Trainee: 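This is the structure I have questions about; it appears just below.
Remember, it's 1-based here, ligands and their atoms both numbered in the order they're listed. Quick caveat, the model's predicted, so the values are computed rather than measured.
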Amino acid sequence: MLPQKSWHDLAGVAVIGDQERLSLLVIKVVAEVDYSQYVNVFTGTQSGGNDFPGVARPFGMVKLGPDLLNTRTDSYSGYLSFGKFSGFSMMHEQGTGGAPKYGTVAQLPLVGNITTPLSSTTVGRAVADQGSVGYYKAQTSDDVVVELAATAHAGMYQYAFPTSSTGKNILIDVSHVLPSFRGQGLGQGYAGGEFNIMPDGHYEASGIYNNGWNRSPDWTIYSCGYFNTTASSATAYINNVAQTTGSASSNSSTVPVGGLFTFTNATFSSRVGISWVSKAQACENVNNEIPSWTKFSKVVQNTKDAWNSEVLSKVTVTSTNTSNLALLYTSLYFMNLLPTNQTGENPGWKSPEPYYSDIFTLWDLFRCSTALLHIIQPVVYEEYIRSLIDIWRFDGYLPDARSSNYNGRTQGGSNADNVLADAFVKGVRGEVNWIDGYAAMRKDAEVTPPNTIPPDPMAPDSSTKEGRGALPDWLQYGFITPTFSRAASRAVDYAYNDFSLYQVASGLQNHEDAAKYLNRSRNWRNHWNPAQQSLGFSGFIVPRNLTSFIATDPVNDDGYWGDPYYEATSWDYSFGDIHDMAKLVEWMGGNDTFYSRLETTFAVGANPSNPTGILFDSTNEPTFNVPYLYNYINRPDRSVYQSRHVAKTLYTTAVNGLPGNSDAGAMQTWVLWNMIGLYPVTGQTTFLIHSPWYECMTIDLSNGKNLVITSSGGDGNGDTNIYVQSLKVNGRPWVKSWLEWDDIFANGGTMEFVLGPDPVLWATGELPPSPATET
Ligand SMILES: *[C@@H]1O[C@H](CO)[C@@H](O)[C@H](O)[C@H]1NC(C)=O
Ligand SMILES: *[C@@H]1O[C@H](CO)[C@@H](O)[C@H](O)[C@H]1NC(C)=O
Ligand SMILES: *[C@@H]1O[C@H](CO)[C@@H](O)[C@H](O)[C@H]1NC(C)=O
Ligand SMILES: *[C@@H]1O[C@H](CO)[C@@H](O)[C@H](O)[C@H]1NC(C)=O
Ligand SMILES: *[C@@H]1O[C@H](CO)[C@@H](O)[C@H](O)[C@H]1NC(C)=O
Ligand SMILES: *[C@@H]1O[C@H](CO)[C@@H](O)[C@H](O)[C@H]1NC(C)=O
Ligand SMILES: *[C@@H]1O[C@H](CO)[C@@H](O)[C@H](O)[C@H]1NC(C)=O
Ligand SMILES: *[C@@H]1O[C@H](CO)[C@@H](O)[C@H](O)[C@H]1NC(C)=O
Ligand SMILES: *[C@@H]1O[C@H](CO)[C@@H](O)[C@H](O)[C@H]1NC(C)=O
């Protein structure tokens with residue numbers, strides 16, 4: 001038998017034993033299906049989706065793509081469908097909002113006699129960009145064709161200038177970053193750098209940058225670039241002044257440095273490595289991953305192969321419907337770009353632990369993404385969990401978000417607690433040090449992080465860097481007063497976080513802590529005003545002070561950093577604490593009222609101030625759970641109806657095919673769970689059952705086991721006949737609207753659905769667990 005780990009490596013194995021050869025043939029065929037053909041890299045790149053369409057390996061540190069400049073629009077992932085090219089840069093986030101990050105380490109092809117290269121030079125776009133997994137192509141208004149390919153820590157540019165053009169130049173402007181025009185004070189800055197042309201013609205550079213969405217202090221990235229042809233001239237510049245030494249350096253945000261290479265040949269390529277550690281490491285990265293003789297097409301092919309074997313082949317379906325295959329594989333693609341595996345590339349501390357950064361953010365990701373990452377990328381996931389704990393070990397706190405190796409910003413609770421609890425209860429052990437993991441969670445729950453200096457202008461009351469800024473009130477009163485911004489929504493999150501501590505404390509047999517945190521996980525109840533009314537319903541999460549509840553308007557009180565509710569309404573946040581659902585159903589007025597409140601959430605015009613819209617906010621993560629909550633009153637048929645409607649009307653592979661910011665793939669994982677027919681309840685072993693799209697989906701659980709989900713009676717596309725008539729789990733009839741990790745994921749399993757056009761009350765069993773509700 002072959003070790004499991006090599007199943008997906010087989011296609012790339014050059015020398016194999018004769019005896020193994022025969023059995024490999026079958027597997028090789030499977031591994032060679034090109035699922036990447038279904039991925040549309042431009043999905044969600046417009047209308048606020050912010051998807052990154054450039055080239056990258058799964059979780060790769062290099063994300064090489066175009067940077068478009070339009071002085072009124074923030075380009076969060078570098079790409080815009082309009083504007084001018086300001087560079088093709090090596091570092092990007094995926095699908096994030098708030099304010100742009102990175103856009104660093106760029107090249108820009110320019111035609112002509114460039115006399116002032118370091119002047120934020122841009123060039124127009126001739127035709128729409130093209131891209132596929134591992135490959136990107138753009139054409140500038142000078143008719144220069146730029147093609148891009150990437151490995152994990154390096155990238156390759158292939159240039160074709162018109163042969164007739166006089167002056168075939170590549171500009172490297174070290175001061176280049178993605179700017180922000182929103183005026184929030186979160187624009188990135190450049191703080192100096194170096195640019196050196198080496199005797200053999202390659203260049204080495206470093207740049208210092210700061211701020212961006214996470215308000216990070218200065219960080220440095222190193223780069224090392226080669227051209228495969230000799231430049232006719234190569235000049236280093238400081239502030240547009242040519243340096244005869246070939247070296248340029250600056251300590252100042254107003255003094256850009258860079259270089260201009262001019263070529264005679266019209267067609268040439270460039271290989272560039274980056275490193276967070278040193279210029280030498282950047283050179284090593286590029287020379288290891290893209291040695292000088294490497295063909296561009298080989299880099300493209302290897303990246304495509306990596307996506308097929310490491311990601312896309314993990315989920316297979318029997319469907320031949322290309323629009324659904326496209327949504328499936330495109331969604332899988334975009335959820336595997338972040339976080340970034342920066343193991344060996346940590347400038348902060350030396351440690352034998354793995355290191356992942358670009359966590360953007362767990363506030364977005366903890367409901368759907370981390371639970372799916374666990375299933376399809378268990379090796380990455382365990383490394384990621386270890387890395388989160390190592391960040392606490394050396395930086396003092398778990399991150400809720402992190403980029404450029406700096407924690408921040410924290411929008412609500414300390415949601416790494418939820419991620420760790422989810423991993424713990426589902427049996428992730430391996431090399432994870434859970435004593436430390438729990439200590440890290442306990443710090444979130446007990447130690448108020450110091451406010452940042454200067455404080456975050458958008459929320460000056462407490463730290464937005466990490467931990468739980470409003471902890472003083474939470475500890476003293478069991479609720480959060482208006483002393484703290486986002487008090488009501490933070491209370492909902494903190495209760496969830498404390499439930500996560502309860503889960504891990506219980507598992508570690510720390511009964512005293514378990515009792516304490518279970519108790520604290522109920523403190524959302526202290527913000528529950530049974531008399532608060534909205535649209536005929538009573539009882540909502542409200543802001544409160546020491547003496548009384550504060551009146552609110554639950555359907556219109558959506559706010560931002562300085563408000564009582566962050567990025568969702570009281571109507572939304574009132575559904576937030578899924579660990580205490582039985583209590584919530586009771587307090588919302590029992591089964592029938594809970595049902596009609598959910599129906600009202602999805603009813604057109606329920607909010608008189610929005611006659612054509614619905615209350616449910618499909619654009620953001622706090623409401624991800626809501627369509628599935630019908631399972632808590634054994635009405636999974638309505639969960640199927642509402643969630644399917646959202647999935648089928650708001651998610652496509654079009655350029656505007658996401659309802660909101662992708663947020664590092666959070667949106668994509670929501671729709672993937674909809675296709676699977678399950679919904680994860682993060683922090684618990686529970687998965688809510690709704691209904692699958694496909695006749696047969698197989699998920700490779702990477703332990704030699706599979707989860708096979710079949711359906712009969714449906715249309716195979718999830719459009720009609722969506723209602724469950726009956727279900728068997730592992731061959732046994734199943735009447736619960738939920739199941740547990742051990743039922744189908746720990747050792748694989750099967751789910752056999754019979755679907756039909758009309759709802760059937762098939763879920764007659766025990767309700768999904770409400771572990772925080774007193775029995
Ligand atoms: C480029 O422009 C500079 C400054 O205008 C000029 O001195 C130089 O001769 C030009 N070079 C060519 C090749 O046209
Ligand atoms: C131009 O490209 C050709 C073919 O790739 C190569 O043989 C030649 O050496 C190149 N010229 C320069 C100046 O690098
Ligand atoms: C940058 O600052 C350091 C420390 O003040 C100084 O030694 C160095 O000369 C400066 N370099 C430049 C290019 O100004
Ligand atoms: C340099 O790269 C270009 C573009 O990939 C290629 O056409 C050319 O043959 C390469 N030149 C050499 C000398 O390898
Ligand atoms: C993460 O990166 C390190 C260093 O490149 C590598 O050794 C490790 O295998 C990577 N992890 C995964 C899951 O690929
Ligand atoms: C639970 O909370 C209540 C009210 O805040 C308190 O009286 C009680 O002591 C707590 N119990 C535990 C086990 O912490
Ligand atoms: C608490 O809020 C109520 C209602 O807004 C207000 O009347 C009262 O003065 C507040 N009390 C304190 C102590 O701030
Ligand atoms: C609410 O519905 C569930 C599921 O049908 C049922 O078990 C429970 O008894 C109902 N509760 C009440 C108070 O009727
Ligand atoms: C393919 O799936 C789409 C989306 O579910 C559906 O609209 C279309 O009718 C399907 N095509 C066929 C041939 O079944």
Side-chain angles (χ1 to χ4, degrees), residues 55 88 107 109 135-137 144-150 155-163 168 170 200-202 225-232 261 263-272 286 290-301 473 476-477 479-484 487-488 526-527 529 531-532 542-553 557 564 570 581-598 629-639 688-689 735-738 759-770 773 775:
V55 290
F88 294 84
Q107 292 189 355
Y135 175 75
Y136 199 88
K137 181 181 179 184
V144 179
V145 173
V146 187
E147 294 169 288
L148 308 173
M156 194 165 182
Y157 300 77
Q158 181 163 264
Y159 295 107
F161 283 73
T163 41
K168 303 177 180 72
I170 300 298
D200 72 350
H202 84 274
Y226 295 83
F227 295 98
N228 81 338
T229 185
T230 309
S232 54
F261 293 77
F263 298 90
T264 324
N265 269 7
T267 307
F268 58 92
S269 62
S270 178
R271 304 174 291 124
V272 180
V286 65
I290 313 180
S292 63
W293 57 83
T294 311
K295 281 210 158 64
F296 179 85
S297 59
K298 185 70 184 164
V299 181
V300 172
Q301 187 61 44
D473 274 10
Q476 191 176 355
Y477 309 124
F479 54 84
I480 304 173
T481 69
T483 308
F484 294 99
N526 297 332
H527 281 266
N529 179 1
Q532 174 69 52
V542 298
R544 63 164 300 172
N545 60 26
L546 291 180
T547 52
S548 65
F549 294 126
I550 297 168
T552 188
D553 176 3
D557 54 13
S570 171
M581 281 304 298
K583 175 57 78 180
L584 186 68
V585 172
E586 180 198 325
W587 277 9
M588 283 192 171
N591 288 345
D592 293 347
T593 314
F594 183 77
Y595 176 86
S596 41
R597 191 146 159 179
L598 283 172
L629 296 180
Y630 292 96
N631 282 42
Y632 285 90
I633 51 170
N634 268 355
R635 289 298 304 274
D637 59 308
R638 292 310 285 171
S639 296
L688 305 177
I689 298 169
V735 294
K736 291 190 301 186
S737 69
W738 57 285
V760 166
L761 293 179
W762 67 272
T764 53
E766 192 190 337
L767 291 173
S770 290
T773 305
T775 46

Trainee: Among Phe296, Phe261, Tyr159, which residue meets the ring pair (Phe, Tyr, Trp, His ring centres under 6.0 Å) test with Phe268?
Mentor: Tyr159
Trainee: Specify the protein heavy atom at minimum distance from atom 2 (O) of ligand 7: its residue, its atom name, and the distance to 0.1 Å.
Mentor: Asn545 ND2, 2.2 Å
Trainee: So if I count the atoms of ligand 8 from 1 in the order they appear, which ones are less than 4.0 Å from some heavy atom of Asn591?
Mentor: 1 (C), 2 (O), 3 (C), 8 (C), 10 (C), 11 (N), 12 (C), 14 (O)
Trainee: May I ask which of Thr230, Thr267, Asn228 has a heavy atom nearer to atom 11 (N) of ligand 4 than the others do?
Mentor: Asn228
Trainee: First locate atom CG of Leu546, then atom CG of Asp473, and finally report the distance between them rounded to the nearest 0.5 Å.
Mentor: 7.5 Å
Trainee: Please could you name the atoms of ligand 4 that Gln158 approaches to less than 4.0 Å, counting only its heavy atoms?
Mentor: 4 (C), 5 (O)
Trainee: What do we get for Leu767 next to ligand 8 when only non-hydrogen atoms under 4.0 Å count, side chain, backbone, both or neither?
Mentor: side chain
Trainee: Quick one: does Thr547 get a heavy atom under 4.0 Å from ligand 7?
Mentor: yes
Trainee: Closest non-hydrogen protein atom to atom 3 (C) of ligand 7, residue and atom name please, with distance?
Mentor: Ser548 OG, 3.2 Å
Trainee: Go through the steps for Gln107 and Val272 under the test side chain to side chain contact (heavy atoms under 4.5 Å, CB included), then give the verdict.
Mentor: CA-CA 10 Å; Gln107 292 189 355; Val272 180; 3.4 Å; yes
Trainee: Distance to the ring centre below 6.0 angstrom and angle to the axis at most 45 degrees; does that hold for Arg635 and Tyr630?
Mentor: no
Trainee: Can you tell me which residue and heavy atom of the protein come closest to atom 5 (O) of ligand 7, and the distance to 0.1 Å?
Mentor: Ile550 CG1, 3.9 Å
Trainee: If we count only non-hydrogen protein atoms and require a distance under 4.0 Å, does atom 13 (C) of ligand 8 qualify as touching the protein?
Mentor: no
Trainee: For residues Arg544 and Phe549, determine if any side-chain heavy atom of one lies less than 4.5 Å from a side-chain heavy atom of the other.
Mentor: yes
Trainee: Does a sphere of radius 6.0 Å around CG in Asp200 hold more than 12 heavy atoms from other residues, nucleotides or ligands, not counting ones at 6.0 Å or beyond?
Mentor: yes
Trainee: Under 4.0 Å from atom 7 (O) of ligand 7, is there any protein heavy atom?
Mentor: no
Trainee: Mind running side chain to side chain contact (heavy atoms under 4.5 Å, CB included) on Tyr477 and Asn526 for me, showing each step along the way?
Mentor: CA-CA 9 Å; Tyr477 309 124; Asn526 297 332; over 6 Å; no
Trainee: Is the contact between Phe268 and ligand 4 made by the side chain, the backbone, both, or neither, using heavy atoms and a 4.0 Å cut-off?
Mentor: backbone
Trainee: Rounded to the nearest 0.5 Å, what's the gap from NZ on Lys298 to CD1 on Ile290? Could you check?
Mentor: 13.0 Å
